[in-house]
Amino acid sequence: MRSSCAALIALVALCASPVRAQDSREAWYRAQPGTVTRWASPENPTAQKGAGGVENAGAKGRAYQTIPAGQALVLADVAGAGIIDRIWMTIDDRSPEMLRALRLDIYWDGASTPAVSVPLGDFFGAGAGALVPMDSALIASPEGRSFISYIPMPFRKRARMVVTNESARELAMLFYDVDMRKMGSVPADALYFHAHWSRTRATTPGVAFPILPPVKGHGRFLGSIVTVFADPRYGRSWFGEGEAKVYIDGDGATPTLVGTGTEDYIGTAWGQGAFVGRFQGSPVADEPHGRWTFYRFHVPDPILFDRDIRVDLQQIGGAPKADVIRMQGAGVPLRPITVDPGRRSDFRQLIAKPVDLTDPSVPDGWTNYYRSDDVSAVAYFYLDRPADGLPSLANVADRTAALRPPASDDKNPEAARK
């Protein structure tokens, strides 16, 4: 079996303290022979030496670009080897529809399929329809008006980054810069960065949501940002009892890595309020409107795989037993799985030993149940090849259907229905 240990040494260095090797204090003043800095931006779209700021006699002649409806803009197309260290963007239309309709594609080394193919907003943590201030180790938006990625992205022969406007209206203003280091070569065992987005508008009770579908190869799962639009039929019951499960290197029906609950997976407990941390957070926790966006980045705790990987998030909710019985009576799609009075001695497993909740032998307590919600996620990972074989990005109609606007827009009932 091919070992991934050597291949991950360079990646661990890139992702250390907290994200990139050059973040270490020693690297600040160490020379990097053969390495040059380049920025791709509207003022220097080719990222060539001495080619910046040539319009309007250097007096800020082209700070942004416009993308008409249905057209694409190449943000960077760079030949040779290097590492993209930082991406920054802002746009004038940050509506929920535009955030989902803009598609970000990144191709490595001339591959015909993109390694990154995601809705722009979701990639930068705006899956619930709005940017909020956040500053994590990988993704940031200092005041909720911009998009920043600090994810190191090595390439050997070519890097090509494209934004496509798949909405029905023009994007008037896109400001951006793609910051990179060009070099003679990257380490032979450097891995390629990938990102995959998926959405299930109504999960099936008892079927886990695939954060990352099966991927073959060796690499590292870097983490994910998940967005949930809770089904209103469950009221304000808690949606996040599902466990994260990571299947690696030939796991069959059961995984090697298992968490204890959704809010536990992102580092909090007993429910989930709004918070932002370097490696985990929930920038959107809007219980009244059933909107949630949360993330976990496995930087200090690497998840490595040598042959294959798959990452699931169970779709499990929780509520007092009486509430679950009422929902069952109303025909809400659910399946009870446990009743927990608060101690292991009386804990009841309802899947292993099926019994109706109304049976007198079932104690009162917190009741977990399989449920159905609208769930989407961006999975971030590194792989030993520039193409991952995953399904292509869903069409714009599927991406933008049934979006739930931020609370500030709730006075517009027409927007809420779109």
Any donor-acceptor pair under 3.5 Å linking the side-chain atoms of S376 with those of R100? yes
Show your working on side chain to side chain contact (heavy atoms under 4.5 Å, CB included) between W366 and V339 and close with a plain yes or no. CA-CA 6 Å; W366 184 257; V339 176; over 6 Å; no
Atom OG1 of T367 and atom CD1 of I337: how far apart are they, to the nearest 0.5 Å? 10.0 Å
To the nearest 0.5 Å, how far apart are CG in D384 and CG in D189? 11.0 Å
Can you name the residues that form a salt bridge (Lys or Arg N to Asp or Glu O under 4.0 Å) with R145, not counting sequence neighbours? E143
State whether the side chain of T200 and the backbone N or O of T203 hold a donor-acceptor pair below 3.5 Å, judged by distance alone. no
Test item: side-chain donor near acceptor, S167 and N165, under 3.5 Å: yes
I need the minimum non-hydrogen distance between A63 and P42, along with the two atoms involved. O-CG, 3.6 Å
Could you pull out all residues at least two apart from R103 that satisfy salt bridge (Lys or Arg N to Asp or Glu O under 4.0 Å)? D105, E166
Under the ring-ring contact (aromatic ring centres under 6.0 Å, His included) rule, what pairs show up with a residue in residues 73-107, not counting sequence neighbours? none
Assess, by modelled atom type and distance only, whether the side chains of D92 and Y64 contain a donor and an acceptor separated by less than 3.5 Å. no
Please walk me through it: do W238 and E287 pass side chain to side chain donor-acceptor pair (under 3.5 Å)? CA-CA 9 Å; W238 172 231; E287 182 184 40; over 6 Å; no
Is there a donor-acceptor pair closer than 3.5 Å between any side-chain N or O of K182 and the backbone N or O of V78? no
Results of ring-ring contact (aromatic ring centres under 6.0 Å, His included) for F155 - residues two or more places apart only: none
Has R344 got its NZ or CZ under 6.0 Å from the middle of the six-membered ring of F347, at an angle within 45 degrees of the ring axis? yes
Within this structure, what is the OH-CG distance for the pair Y370 and N368, rounded to the nearest 0.5 Å? 10.0 Å
Roughly how far, to the nearest 0.5 Å, is the CE atom of M89 from the CD1 atom of I148? 11.0 Å
Exam field: side chain H194 to backbone S117, donor-acceptor pair closer than 3.5 Å: no
Only pairs at least two apart or in different chains count here, so list each side-chain hydrogen bond (donor to acceptor under 3.5 Å, both in side chains) that has a residue in residues 224-234. T227-T293, D231-R233
Euclidean distance, I316 CD1 relative to L334 CG, rounded to 0.5 Å: 12.0 Å
Please check if the side chain of D312 supplies one atom and the backbone of A208 the other of a donor-acceptor pair under 3.5 Å. no
Show which side-chain atoms of residues 168-176 pair as donor or acceptor with protein atoms under 3.5 Å away, not counting sequence neighbours.
unit_1 : atom_1 : unit_2 : atom_2 : d
R169   : NE     : D93    : OD2    : 2.9
R169   : NH2    : D93    : OD2    : 3.2
R169   : NH2    : S95    : OG     : 2.7

Report yes or no: does Q314 contribute a side-chain atom to a donor-acceptor pair with the main-chain N or O of E243 at less than 3.5 Å? yes
Set of salt bridge (Lys or Arg N to Asp or Glu O under 4.0 Å) partners for R30, sequence neighbours left out: E26
Output yes when a side-chain donor or acceptor of S282 lies under 3.5 Å from a complementary backbone atom of F275, and no otherwise. no
What pair of heavy atoms forms the shortest contact from A126 to L131, and how long is it? CB-CD2, 3.9 Å
Among all residues two or more places apart in sequence or in another chain, which pass the salt bridge (Lys or Arg N to Asp or Glu O under 4.0 Å) test with R199? D374
Would you kindly check if the NZ (Lys) or CZ (Arg) of R220 is within the cone defined by 45 degrees around the ring axis of Y382 and under 6.0 Å from the six-membered ring centre? no
Counting only N and O atoms by type, is there a donor-acceptor contact under 3.5 Å from the side chain of T113 to the main-chain atoms of A111? no
Could you check M161 against V116 for side chain to side chain contact (heavy atoms under 4.5 Å, CB included), going step by step and ending with a plain yes or no? CA-CA 9 Å; M161 185 180 303; V116 174; over 6 Å; no
What pairs meet the side-chain hydrogen bond (donor to acceptor under 3.5 Å, both in side chains) rule with one or both residues in residues 253-268, with sequence neighbours excluded? D251-T256, T260-D264, Y265-H298
Within residues 70-82 or reaching into it, pairs that qualify as side-chain hydrogen bond (donor to acceptor under 3.5 Å, both in side chains) - sequence neighbours excluded: D77-R158
Sequence neighbours excluded, which residues qualify as ring-ring contact (aromatic ring centres under 6.0 Å, His included) partners of W197? none
Tell me whether Y295 contacts the main-chain N or O of G277 through its side chain, where contact means a donor paired with an acceptor under 3.5 Å. yes
Does any non-hydrogen side-chain atom of W292 lie less than 4.5 Å from one of Q272? yes
Derivation of the side chain to side chain contact (heavy atoms under 4.5 Å, CB included) call for I351 and R335: CA-CA 9 Å; I351 300 296; R335 182 184 177 191; 3.5 Å; yes
Can you pull out every ring-ring contact (aromatic ring centres under 6.0 Å, His included) where at least one residue sits in residues 38-57? Sequence neighbours excluded, please. none
Please name the pair of heavy atoms, one in G219 and one in L191, separated by the smallest distance, quoted to 0.1 Å. CA-CD1, 3.7 Å
Taking D308 for its side chain and V215 for its backbone only, find out whether a donor-acceptor pair lies under 3.5 Å. no
Sidechain N-carboxylate O distance under 4.0 Å for K157, D109: no
Do V118 and H196 come within less than 4.5 Å of each other through their side chains, counting heavy atoms only? no
Among F123, Y150, F124, whose ring-ring contact (aromatic ring centres under 6.0 Å, His included) with Y380 holds? F123
Between CZ of R296 and CG of L222, what distance do you get to the nearest 0.5 Å? 11.5 Å
By the definition side chain to side chain contact (heavy atoms under 4.5 Å, CB included), identify the one residue from D306, I309, L304 that meets it with D249. D306
Determine, for D122 against R399, whether the closest basic-nitrogen to carboxylate-oxygen distance falls under 4.0 angstrom. no
Donor-acceptor pair, D340 side chain versus G342 backbone, under 3.5 Å? yes
Kindly determine whether T338 and Y369 satisfy side chain to side chain donor-acceptor pair (under 3.5 Å), including the steps that lead there. CA-CA 7 Å; T338 60; Y369 56 91; over 6 Å; no
E55, CD: over 12 other non-hydrogen atoms inside 6.0 angstrom: yes
Would you name the heavy atoms of A47 and R38 that are closest together and state the gap between them? O-CD, 3.1 Å
Kindly indicate, with the supporting measurements, whether the criterion side chain to side chain contact (heavy atoms under 4.5 Å, CB included) is fulfilled by I67 and V163. CA-CA 9 Å; I67 311 181; V163 170; 3.9 Å; yes
